[in-house]
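Heads up, the thing below is written out as structure tokens.
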Amino acid sequence: LGDIGNHIMGTALGGGDPTPLKFNDLFGGSTALAHNNARAVADPLLLQPGTAAFNNAVDAATLSTADNLGVGARIQDISKVYNYEVDYDFGDKFSFGNVIVGAQFKNFDLNTGGTLYTDEDGPIKYSQYGAYAQLKTDLFDDFISLTTSMRYDKVEVLDVGNVTPKLALLFNLSENKNIRLSAQQGFRNPTNQDMFIGYNTSAAVILGGTQSNIDRFSKTVLLENGEPYNYTGKYVIDNAVEIGTLADATNGLGNVKAEVVTSYEVGYRYNTPKFTVDISAYMSKYVDKIAGKFVFVPVMESAYNTPAAAVAADSYYTFQVDSNFNDEFQTSGINIETTFSLSNNLSANLIYEYNKTDYVAKPSDSYIIAWNTPENRIKAGLNYTSGKLSLGANARYNSEYFYQSSYVNGTIEANTIIDAKLSYDLPSLKSILEIGGNNIGGDNYVSIPGAGLIGSIYYAGLRINLQ
């Protein structure tokens, strides 16, 4: 670093401009010699594939140990889900409209051997069931089409079930124009991981929020000071503090339940053989949004008898407890979709989405809301056909947005991706020649923080019909 500084300063003092200087300028235009010397030192220290040392390291990294200290990376999952559904359509049996009823039953057998869920002592078994009824009828000489429904769902391990009503009206203004209005209440049950996970990511333990899971949880971790400590679910829930302020964080922690969303939508559709446009707008209100909350759980013993003392001595560990967001928040948006023919051979389509929420995610949030939706998203496409030749091109764009997850948060940058494909029919060979590419000419991009970069793909192929 001293050499680099002297090089830059020497250039500046000599009257030169140091801004275009590069690191390679110190090494005669190339760092290859330094790189090769570094590799010569480092390579003998690396484990070589195929050797006993390498194989032993792989075995150790994928080993699921019984001491719960987080050694190894293997997650096994041989879970089973049995799903049963029945529906009955009454057809025209009722004069007032068409009635459909149905029911569903699911039986879960979760088995990860303690590598993901808290099922060290045996599979977690539970069931959920639901039933619904729907009525659809036409009113005022088919000017209005009315659809209404009601559904009830219950998960065995959750305290309460969910009733979800829906009402939708379609106004037929003409054969090719209509307006639609709808109001409905929906829900999202916690996932299996939201309810039953007990996994140490090495940065934090993710703890599912059902009471039965909290009662089962017992895991030994290495505290920030390096000391081992066995946490129980009850200890976590009773002693959690807010990250930063160290205020009590136990209120509402755990006991995860279904999130409920109430939505209203209005839309308009115009449709002709050569032109179609559909415009809609929505507003949704979320209550009890399922979210993981990050907390510190201090180990308070005789030497550290307060949360502040324990955290100051690094006698704590971080937990993410799946819970429900305390505050209500709203989302709203519009959607415009159109398709149109530019000629007998050329057609185009365009979709624009605008989505907005009054909740603003921040890297310092203790809750993981995971809205994960760009404010602006555009999709466009062109399709051309002429005899045996077909050409298609699609472009998609999303604006920058903040992505949250249990493992990593990060900003997804705005990007534009262009895909295209040419197809040519070869009847004599019973084949189709295809040439195309994905993300043509584009930069590498990331769709999820922590995942690998997505680049460009170019391909050529011949599809042969063997029949």
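Side chains are part of it too, since the values below use all heavy atoms of this structure and drop only hydrogens, waters and symmetry mates.
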Please walk me through it: do Asn107 and Ser127 pass side-chain hydrogen bond (donor to acceptor under 3.5 Å, both in side chains)? CA-CA 4 Å; Asn107 196 35; Ser127 62; 4.9 Å; no
Could you work out, with side-chain contact (heavy atoms from CB on, under 4.5 Å) as the rule, every residue matching Leu462, not counting sequence neighbours? Leu426, Ser431, Leu433, Ile464
What residues form a side-chain contact (heavy atoms from CB on, under 4.5 Å) with Ser323, not counting sequence neighbours? Leu253, Val321
How would you list all residue pairs meeting salt bridge (charged side-chain N to carboxylate O under 4.0 Å, His left out) that involve residues 32-54, not counting sequence neighbours? Arg39-Asp43
Pairs in or reaching into residues 309-325: which pass salt bridge (charged side-chain N to carboxylate O under 4.0 Å, His left out), with residues at least two apart or in two chains? none
Does the ring pair (Phe, Tyr, Trp, His ring centres under 6.0 Å) test come out yes or no for Tyr82 and Tyr84, once each step is laid out? CA-CA 7 Å; Tyr82 302 91; Tyr84 309 91; 7.1 Å; no
Just how far is it from atom [atom1] of [X] to atom [atom2] of [Y], taken to the nearest 0.5 Å?
X      : Y      : atom1 : atom2 : value
Asn255 : Asn213 : CG    : CG    : 11.5 Å
Glu434 : Asp425 : CD    : CG    : 10.5 Å
Glu85  : Lys106 : CD    : NZ    : 7.5 Å
Thr210 : Asp194 : OG1   : CG    : 10.0 Å
Asn439 : Asn444 : CG    : CG    : 7.5 Å
Tyr397 : Tyr352 : OH    : OH    : 9.0 Å

Would you find more than 12 non-hydrogen atoms of other residues, nucleotides or ligands less than 6.0 Å from [X] atom [atom1]?
X      : atom1 : value
Glu156 : CD    : yes
Leu346 : CG    : yes
Asp121 : CG    : no
Asn37  : CG    : yes
Lys379 : NZ    : no
Lys289 : NZ    : yes
Asp443 : CG    : no

Evaluation steps, side-chain hydrogen bond (donor to acceptor under 3.5 Å, both in side chains), between Gln104 and Asn83: CA-CA 7 Å; Gln104 181 185 45; Asn83 183 53; 3.2 Å; yes
Using side-chain heavy atoms (C-beta onward) and a distance below 4.5 Å, is [X] in contact with [Y]?
X      : Y      : result
Tyr282 : Thr331 : yes
Gln330 : Met283 : yes
Ile412 : Tyr445 : no
Lys234 : Asp215 : no
Asp159 : Lys257 : no
Lys125 : Phe108 : no

Results of salt bridge (Lys or Arg N to Asp or Glu O under 4.0 Å) for Glu227 - residues two or more places apart only: none
Listed by chain and number, what are the salt bridge (Lys or Arg N to Asp or Glu O under 4.0 Å) partners of Lys388, not counting sequence neighbours? none
Does the distance from a Lys or Arg side-chain N to an Asp or Glu carboxylate O, for [X] and [Y], drop under 4.0 Å?
X      : Y      : value
Asp119 : Arg216 : no
Lys293 : Glu242 : yes
Asp419 : Lys421 : no

So that I know where these two stand, are Phe325 and Tyr359 an aromatic pair - ring centroids less than 6.0 Å apart? yes
How close do [X] and [Y] get, counting heavy atoms only, and between which atoms?
X      : Y      : value
Ser79  : Tyr117 : OG-CE1, 4.4 Å
Tyr458 : Gly441 : OH-N, 3.0 Å
Tyr126 : Val157 : CB-CG1, 3.9 Å
Leu246 : Ala308 : CD1-CA, 3.7 Å
Val256 : Leu158 : O-CD2, 3.4 Å
Gln185 : Thr262 : NE2-OG1, 3.4 Å

Kindly assign one of parallel, tilted or perpendicular to the pair Tyr401 and Tyr403, based on the angle between their ring planes and the thresholds 30° and 60°. tilted
Start with the C-alpha distance between Thr318 and Phe296, add both sets of side-chain angles, then the distance that settles side chain to side chain contact (heavy atoms under 4.5 Å, CB included), and finish with yes or no. CA-CA 5 Å; Thr318 304; Phe296 285 164; 3.4 Å; yes
Check each of Tyr199, Tyr231, Phe294 against Phe319 using the ring-ring contact (aromatic ring centres under 6.0 Å, His included) test, and report the only one that passes. Tyr231
We want to know whether Thr250 and Asp248 form a side-chain donor-acceptor pair, criterion being a heavy-atom distance below 3.5 angstrom. yes
